[in-house]
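Some notes on the structure that comes next.
This one's a predicted model, so the numbers in the text were calculated from it and none came from an experiment.
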Amino acid sequence: MIRARFAPSPTGYLHIGSARTFIFNWLYTRKHKGTMVLRIDDTDRDRNTEASLKSIYDGLNWLALGWDEFYRQSDRLELHRKLAHDLLAKGLAYRDFKPAAAEYEEKAHGEGPWLCNPEMRALSPDESDRRAAAGEPFVIRFRVQREPVHEVKFNDEVYGPQSKLTADIEDFALLRSNSMPTYHLASCADDIDLRITHIIRGQDHLSNTFKHVLLFQAARAPLPHFAHLPLLIAPDGSKLSKRKHGPVVSVLTYRDSGFLPIAYINFLCLLGWSPKDNREQMSLYELESAFSFEGVNRSNAVVNFTDADPIDAKALWLNSQHLRTAPVRMLVPFVRQTLCGHGLQPYGDEAFFENVIDTIRSRFSTLLDFATKGRAYFSDDFEMDEKALEKLNAPGARQLLNELAERIANNSEFSEASVEAELRKLAAERGVKAGVLINASRAALTGQPVGPSAFAVFVCIGRDRVIERLRNV
RNA sequence: GGCGCUAUCGUCUAACGGUUAGGACGGAGCCCUCUCAAGGCUCAAAUAGGGGUUCGAUUCCCCUUAGCGCUACCA
């Protein structure tokens, strides 16, 4: 039984890279009928905030993929401490009484890597116990085996065989002087206790994994599978950060930009992974069945955005693809929600929505377009675009539209064909080009200079509103 | 500095030693057309550099360069 986990720390909004990690974990567990664990890594941290926890939930809920089990590390501190003390008792860890500030000094001056404080490492158990009992603060460090130097090895599902000399691994901290566990300790203790079989996470943890392997071995726990994912980076090659790159690094920005969750998921999957058969637009089911670590790339992927264009063009394209190919029924709630979110009270029932959406969706790329360019289809509360006004201002156009309104009102039939016949007849009688009248009516009915075939627009808007809008033009 | 990872069009990527180095986004153009999209077609655009190995390297090895990550009592 496969068990994987997504373990964000609530120190900010849900990051785009974290979202992808979550998605890959989810895809993998779903594909293998495994269990998806959501674990909030909130050990210590002055940086943890409820606001960011909420932001993570909001992002995850928007993705709407779900998870099977949930834990908070702050509820499990005793488990973490127990592992540290077990290792201490076995001599696999030791107390370091040197103040952090002093260590920092020493490390800063060193030429090579800092490995340990030899005096502390060599402290006898008795001496160590006595100083601890006397109330002296200490940090518990893992005792990395030095003699003989050996290689720590593991196989990464993405990066292949990995090895590192113990001579290059420092005696990392397990338990802080305030008795809070460090990330390494809490993470491994929980992964062991939760029987995690696959650790799928960002490549920034690849180097840390050697420490984790050491910890798993010291705890006599079976080694899980590791799969590290290439990082998502900014166009300048730097790490994506809110401070430097703004809101584009937050998942919620995409939600608020009118993305369909599936489109965003699809986009993220294509960053650092490929089905290798040239497919681009994929459904959740297709992603799930195609996903494998073999398809995961090893080099970092750039999220392509600029100040002027904060959303990756490919993401936008994928969104428009999903928008125009998704079953219309599935789109209705998204569109309705977007409209309401923009203060509109759209008229029309389910069938009306489906018809309108189906008519206009092929020229929209985000849900936001329904509230702006598509506004007039759902509400009488819309404004006339400047270019649309120009079309309306064509010589004689308004009068002809008024006249068209009367003809439609007097015709018992109301269909694309009947309206087209009526309009062309009127244009021919008055010696104007049909196109002028066609474009003017689109403008009058939708407030937009461009849009679907005008005759389809007539039917979409509906007979009563058509007459109303053409009369008052 | 030490250690680790990576390197194909501007971007996302395909090509498990032999291809005119493929696809997609974006860009340019054409067709279609009541406008705008969509759709169809065409074009420009890449193997970081240097050494090997091989009959043959994008592919395997080494070096250089560049980028990223780790090197915290952050995660």
Exercise. Is A:Arg76 positioned over the aromatic face of A:Tyr71, cation under 6.0 angstrom from the ring centre and no more than 45 degrees off axis?
Worked result: yes
Problem set entry | P atoms of B:rU35 and B:rG18, separation to the nearest Å | 50 Å
Exercise. For B:rU65, which nucleotide is its Watson-Crick or G-U wobble mate, given both distances must be under 3.5 Å?
Worked result: B:rA7
Exercise. Within the structure, does a side-chain N or O atom of A:Gln321 lie under 4.0 Å from either OP1 or OP2 of B:rG39?
Worked result: yes
Exercise. Side-chain N or O of A:Asn297 less than 4.0 angstrom from OP1 or OP2 on B:rA14?
Worked result: yes
Seminar exercise, completed: If pairing means Watson-Crick or G-U wobble with both distances under 3.5 Å, then the partner of B:rC43 is B:rG27
Problem set entry | Span that lies between the C1' atom of B:rG69 and that of B:rC30, in whole angstrom | 48 Å
Exercise. Between B:rG52 and B:rU20, how far is it from one C1' atom to the other, in whole Å?
Worked result: 28 Å
Exercise. What are the residues of residues 414-425 of chain A, sorted by number, that bring a heavy atom to within less than 4.0 Å of RNA chain B?
Worked result: none
Exercise. Counting just side-chain N and O atoms, does A:Lys433 come under 4.0 Å of either OP1 or OP2 of B:rC34?
Worked result: no
Problem set entry | Euclidean distance for P, B:rA21 against B:rU6 (whole angstrom) | 26 Å
For this session: When you get a sec, tell me which of B:rC34, B:rC70, B:rU13 is the closest nucleotide to the side chain of A:Ser274?
Result: B:rU13
For this session: Remember a base hit wins even if backbone is also touched, and classify A:His205 as base, sugar-phosphate or nothing at under 4.0 Å, heavy atoms.
Result: base
Exercise. Is any side-chain N or O of A:Asn208 under 3.5 Å from a base N or O of B:rA75, one able to act as donor and the other as acceptor?
Worked result: yes
Tabulated below should be each protein N or O lying under 3.5 Å from an N or O of nucleotides 4-11 of chain B; please produce it.
unit_1	atom_1	unit_2	atom_2	d
B:rC5	O2'	A:Gln203	NE2	3.3
B:rU11	O4'	A:Asn304	ND2	3.3

Exercise. Which whole-number value in Å describes the distance from A:Gln281 CD to B:rC25 C1'?
Worked result: 14 Å
Exercise. Are A:Leu174 and A:Leu215 close enough that some pair of their side-chain heavy atoms sits under 4.5 Å apart?
Worked result: yes
For this session: Check every strand shown and say whether A:Arg279 touches a base, only sugar-phosphate, or nothing at a heavy-atom separation below 4.0 Å.
Result: nothing
